[in-house]
Amino acid sequence: MKRLGSALLVTVLTCGMIVTPVLAEPSIDTLKKNKNEAQSEVNSLQKELTELMSKISKLEGDLIAKGQEITQAEEDLDAAQIKEEEQYEAMKLRIQYIYEEGTADYLTMFLEAKSFADFLNRQEYANEIHKQDREMLTSYQEVRDQVAELRDQLEEEKAELETLQAEYEEEKAAGESTLNQKKAQ
């Protein structure tokens, strides 16, 4: 029985050695491979981060440029509105004068002509006044159209600026997220 116990003990010890895993340190080749993989990933992430920072920088430049365009458009709009108001006031005065003086003055002016040459001079004068009135009205309409166009342009540029700001915030958030992830790694 002693023999059987010894044989059993030897068998158990032999089986135990076979089943027990050997925990050896990783080989140098494995370590070099892991290091190269990690370095490759770091290089890739640095490249991505550089590209992201470049995009953010470009977006910031676009935001500044668009802000300057909007400022200029606002100044142009203000100037056009002032010009429109001035022309409107001038037209009101002209209309008031025509209303107060009446159009009978033109008829009287022609009837009081002393000669045919005087009549032609008076007619030329009336035509010149009518021409100036027409130019004033045309100029006023052009300024009103310009104001409307500038207003539309300003609204469009503001919408573009909001879009750029949203893109900038999105890129910035993505960059910060990537940076935080890499710091954690």
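Note that the structure is a prediction, hence the values are computed from the model and not measured.
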A.B. asks: Would you indicate whether Glu149, at its atom CD, is surrounded by more than 12 heavy atoms from other residues, nucleotides or ligands within a distance under 6.0 Å?
C.D. replies: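 No, not enclosed.
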A.B. asks: Can you sort out the partners of Lys35 under side-chain contact (heavy atoms from CB on, under 4.5 Å), two or more places apart, ordered by chain and number?
C.D. replies: none
A.B. asks: Whether the Gln72 and Asp76 side chains hold a donor-acceptor pair (N or O, under 3.5 Å, no angle test) is what I'd like checked.
C.D. replies: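 There is such a pair between these side chains.
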A.B. asks: Side-chain contact, heavy-atom cut-off 4.5 Å: Leu93 with Gln96?
C.D. replies: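 Leu93 vs Gln96: side chains touch.
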A.B. asks: For a quick test of your reading: what N or O donor-acceptor pairs under 3.5 Å do the side chains of residues 157-167 make, sequence neighbours left out?
C.D. replies:
from	atom 1	to	atom 2	distance (Å)
Glu157	OE2	Gln153	NE2	3.1
Glu160	OE1	Lys66	NZ	2.7
Thr163	OG1	Ala159	O	3.0

A.B. asks: Testing the basics here: between Glu84 and Val147, what is the closest heavy-atom pair and its distance to 0.1 Å?
C.D. replies: OE1-CG2, 3.8 Å
A.B. asks: Can you tell me how far the NE2 atom of His130 sits from the CD atom of Glu135, to the nearest 0.5 Å?
C.D. replies: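 Spacing of NE2 (His130) from CD (Glu135) equals 10.5 Å.
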A.B. asks: Among Ile70, Ile64, Thr71, find the one that has a side-chain contact (heavy atoms from CB on, under 4.5 Å) with Gln68.
C.D. replies: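 When side-chain contact (heavy atoms from CB on, under 4.5 Å) is applied between Gln68 and each of Ile70, Ile64, Thr71, only Ile64 qualifies.
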A.B. asks: Is Ser54 reaching over with its side chain to a backbone N or O of Thr50, donor-acceptor style, under 3.5 angstrom?
C.D. replies: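 Looks like no, no N/O pair under 3.5 Å.
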A.B. asks: Taking only residues two or more places apart in sequence or in another chain, which ones pass salt bridge (charged side-chain N to carboxylate O under 4.0 Å, His left out) with Lys83?
C.D. replies: none
A.B. asks: Test side-chain contact (heavy atoms from CB on, under 4.5 Å) on Gln81 and Asp78 and set out the steps.
C.D. replies: CA-CA 5 Å; Gln81 286 174 330; Asp78 291 342; 3.8 Å; yes
A.B. asks: Can you find a heavy atom in the side chain of Gln87 that is under 4.5 Å from one in the side chain of Arg144?
C.D. replies: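 With C-beta onward as the side chain, the pair stays apart.
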A.B. asks: Could you work out, with salt bridge (charged side-chain N to carboxylate O under 4.0 Å, His left out) as the rule, every residue matching Lys131, not counting sequence neighbours?
C.D. replies: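 With sequence neighbours excluded, Lys131 shows a salt bridge (charged side-chain N to carboxylate O under 4.0 Å, His left out) to no residue whatsoever.
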A.B. asks: Within a radius of less than 6.0 Å around CD of Glu170, do more than 12 heavy atoms belonging to other residues, nucleotides or ligands occur?
C.D. replies: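 Not buried by this count: 12 neighbours or fewer within 6.0 Å.
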A.B. asks: Give the minimum heavy-atom separation between Ala80 and Leu150, together with the two atoms involved.
C.D. replies: CB-CD1, 3.9 Å
A.B. asks: How would you list, by chain and number, every residue that makes a side-chain contact (heavy atoms from CB on, under 4.5 Å) with Glu112, sequence neighbours excluded?
C.D. replies: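 Residues passing side-chain contact (heavy atoms from CB on, under 4.5 Å) with Glu112: Thr108, Arg122.
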A.B. asks: Run through the side-chain heavy atoms of Ile, Leu, Val, Met, Phe, Trp and Tyr, join any pair under 4.5 Å, and report what else lands in Met91's cluster.
C.D. replies: Tyr88, Met136, Leu137, Tyr140
